Amino acid sequence: MSDHDDHGGNAKYWIVFLCLCGLTSCSFLTFFEWWNDSVPKLVSQFFMMAVSCAKALLVMLFFMHLKWEANWKWVLTVPCGIMGIFLLCMLMPDVLYRTAKYSAERRIHAPFAVVESADHHAAEPAKSVGH
Amino acid sequence: MSDHHDENHGHGHIELEYQPALLINNGKLCLWLFLSTEIMFFAGLIGAYVVLRFGVPSGSWPTPHDVHLSEPTGAFNTFVLICSSLAVVLGLEAAKANRSAQAKSWLWITFLLGCLFLGVKMYEYSGKFAHGIYPTAGHSRMYDKPDMYYVSALKKQLEELERKLNPPPAPVKKGEEAKEKAPLSDEAKKDLATIAILRDGLVLWSAKTAGLEENPIEAQAIIDSLAYAVQHSHENHREHDRLSAEQIELNATVPATQAKIEALQASEGEASEIVGLQAELKTDTARLAAVDLLLSNNAELLHHGINHVEPQLALPFVLPSGNMWASTYFLLTGFHALHVIVGLIIFAVVLPRELNSSKANYIENAGLYWHFVDLVWIFLFPILYLF
């Protein structure tokens with residue numbers, strides 16, 4: 001069993017709760033137009049994932065008591081964490097090269113993009129089927 | 001080990017004592033092992049989503065607005081799960097301190113918040129279903145691209161609606177009198193008129209014109225225009241200008257053709273020419289009626305889309321990568337919702353009992369599972385609602 005009882009009362013949970021609410025509000029910033037206008041999309045996505053990782057860390061450390069658990073926690077969490085990250089890394093080439101190596105047939109059957117018009121007031125589907 | 005110990009008892013052998021490898025109880029160890037597999041399970045699902053989401057041609061993945069996803073609703077559900085996670089840890093602390101009533105209150109709050117999460121999810125799902133967004137092809141009204149399959153689906157839907165509003169008379173059996181059809185309501189008559197205009201002047205006209213068009217880019221533009229009129233996420237002012245020009249042209253062409261037919265009939269001209277002109281007049285009249293309908297009331301139908309102004313028609317619509325989005329969205333949130341339901345069952349089992357320190361291990365394990373469910377949602381919320 002963990003020995004977290006010695007590490008303060010319930011106040012720490014309330015503080016973590018407030019931090020989680022604050023972080024959720026932070027990731028929700030991306031909902032607003034002014035944020036999207038001033039922050040590049042890639043930076044915004046990276047920011048959202050960073051906020052999610054911070055929230056996940058808080059939940060694991062305090063709510064799941066990993067902060068106060070003995071060293072056994074590494075035996076279980078590190079291998080599956082590595083496997084999870086490894087899996088995502090292995091999928092990266094599929095993400096990066098999927099459209100770069102489209103076959104002609106695949107491209108014909110792919111959904112086509114909505115292209116923003118030059119005046120930014122209108123948009124219309126791309127006219128050519130096969131790009 | 002204990003058998004070995006018993007067999008050799010009293011023979012001067014070393015007494016062996018069981019030492020657990022990890023300093024946690026078996027239940028917690030099993031739960032952590034289970035959670036390890038769950039991490040990889042959800043990593044696989046999220047990985048598949050990432051590949052599909054970022055692997056599509058740029059700009060062709062639906063935005064949350066396109067698929068009627070509400071970011072505030074997602075944020076609210078995140079808040080609900082965070083509150084429920086807090087309630088679980090407070091319940092655990094109360095149980096450890098033998099404050100049974102308090103522990104029970106916190107777990108009831110967790111349970112109710114879990115139900116609220118599922119309620120919000122059901123509301124979200126019903127919204128998707130109402131807009132024809134389903135994970136299965138049989139029910140979904142989404143098409144990835146405007147093509148002949150899409151035109152065919154539009155035609156089928158309009159014909160089905162027509163049959164539904166004005167069913168053909170039932171076959172009369174021998175010896176029975178034909179039943180008189182009930183008169184149609186004014187609303188049904190209006191809907192039938194709209195359906196006829198859309199079918200002849202929009203769908204059938206587009207299919208015919210695109211089929212006869214030699215230039216494939218022009219043919220595609222005709223089908224694109226049809227898909228735009230049904231539903232669109234971005235307004236295209238050029239479409240309004242193009243249809244206005246077509247309306248002016250048709251307003252000049254239709255009376256001219258009419259006059260030509262009358263002149264040919266008066267001079268007893270060639271019958272085949274008259275028939276050809278009559279077919280042309282029929283097509284142009286149907287098209288003009290459709291263009292007039294789209295541009296009426298300050299082009300309300302064209303600006304908002306037929307599906308928005310006339311939702312009862314429930315026409316198939318084009319949304320690039322829409323079906324892929326629906327598959328991944330329902331798969332990820334569906335599996336997460338299943339985990340929430342399992343968590344609620346785990347809490348429901350223990351809620352009627354006395355929640356003192358003897359139940360602390362159970363609550364701790366249930367809590368660990370619940371926090372994991374919360375963790376998964378922490379990652380699902382941004383990638384599904386905000387990316």
Side-chain angles (χ1 to χ4, degrees), chain A residues 1 5 9-10 13-14 16-17 20-21 24-25 27-28 30-31 44-45 48-49 51-52 55-56 59-60 62-65 69-70 72-73 75-77 79-81 83-85 87-88 90-91 94-95 98-99 102 107 110-117 121-125 127-129 131, chain B residues 22-25 32-33 36-37 39-40 43-44 46-48 50-51 54-60 71-72 75 78-79 82-83 85-86 88-90 93 96 144-146 216-217 220-221 224 227-228 233-239 318 320-321 367-368 371-372 374-375 378-379 381-382 386-387:
Chain A
M1 290 289 287
D5 302 339
N10 290 342
Y13 297 130
W14 286 101
V16 170
F17 170 72
L20 288 171
C21 290
T24 303
S25 310
S27 63
F28 193 63
T30 54
F31 169 66
S44 180
Q45 288 175 344
M48 277 186 271
M49 286 322 289
V51 166
S52 293
K55 281 163 73 180
V59 170
M60 285 195 292
F62 293 94
F63 286 175
M64 295 175 96
H65 302 145
E69 294 289 3
W72 64 263
K73 62 191 172 194
V75 178
L76 288 173
T77 54
C80 69
M83 286 297 285
I85 294 166
L87 178 68
L88 287 175
M90 286 299 102
L91 291 170
D94 282 353
V95 179
R98 189 173 167 186
T99 47
Y102 256 10
R107 201 169 283 283
F112 53 73
V114 175
V115 182
E116 289 288 331
S117 66
H121 292 300
E124 62 175 352
K127 291 284 183 277
S128 63
V129 181
H131 300 271
Chain B
L22 298 173
L23 296 171
I24 52 173
N25 60 59
W32 269 106
L33 285 171
S36 306
T37 63
I39 288 170
M40 284 181 274
I46 292 172
V50 169
V51 169
F54 295 99
V56 293
S58 174
S60 69
E71 290 95 337
T78 309
F79 178 69
I82 290 171
C83 289
S85 272
L86 173 74
V88 175
V89 280
L90 294 177
E93 295 302 322
K96 277 180 181 172
D144 272 357
K145 57 204 301 182
I217 294 172
Q220 185 58 49
D224 285 347
Y228 178 86
S233 49
H234 306 281
E235 207 166 318
N236 184 353
H237 295 283
R238 275 178 285 178
E239 189 62 21
V318 173
S321 297
L368 282 172
H371 297 313
F372 174 77
D374 186 16
L375 274 183
I378 281 173
F379 286 102
F381 168 59
L386 301 173
F387 265 30

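Because the structure is a prediction, the values reported are computed rather than measured. Residue numbers start from 1 in every chain, and the chains themselves are labelled A, B, ... in the order their sequence lines are given, proteins ahead of strands.
Remark: A:Ala56 engages B:Leu375, B:Phe379 in a side chain to side chain contact (heavy atoms under 4.5 Å, CB included) (not counting sequence neighbours). Residues passing the ring pair (Phe, Tyr, Trp, His ring centres under 6.0 Å) test with B:Phe381 are B:Tyr385, sequence neighbours excluded.
The candidate from B:Leu368, B:Ile39, B:Leu33 with the greatest count of non-hydrogen atom pairs under 4.5 Å with chain A is B:Leu368. Highest contact tally toward chain A, considering only B:Ala48, B:Ala43, B:Ala227, B:Gly367, is held by B:Ala43 [criterion: heavy-atom pairs under 4.5 Å]. Contact tally against chain A (heavy-atom pairs below 4.5 Å) for B:Gly47, B:Gly44, B:Ser36: the top residue is B:Ser36. Of the listed residues (B:Leu90, B:Thr37, B:Ile46, B:Thr78), the greatest number of heavy-atom pairs within a distance under 4.5 Å of chain A belongs to B:Leu90.
Using a 4.5 Å cut-off between heavy atoms, A:Thr77 touches chain B through its side chain atoms alone. Contacts of A:Leu87 with chain B are made by side-chain atoms alone, with heavy-atom separations under 4.5 Å and no backbone atom involved. For B:Phe79, the part sitting under 4.5 Å from any heavy atom of chain A is the side chain, from C-beta outward, and nothing else.
Classified by interplanar angle (parallel below 30°, tilted 30° to 60°, perpendicular above 60°), the ring pair A:Tyr13/A:Phe63 is tilted.
Counted within 6.0 Å of CE on A:Met83, heavy atoms from surrounding residues, nucleotides or ligands total 12 or fewer; the atom is thus considered open.
Checked by atom type and distance alone, the side chain of B:Gln220 pairs as donor or acceptor with a backbone atom of B:Pro146 at under 3.5 Å. With B:Ser60 contributing its side chain and B:Pro320 its backbone, the two residues share no donor-acceptor pair below 3.5 Å.
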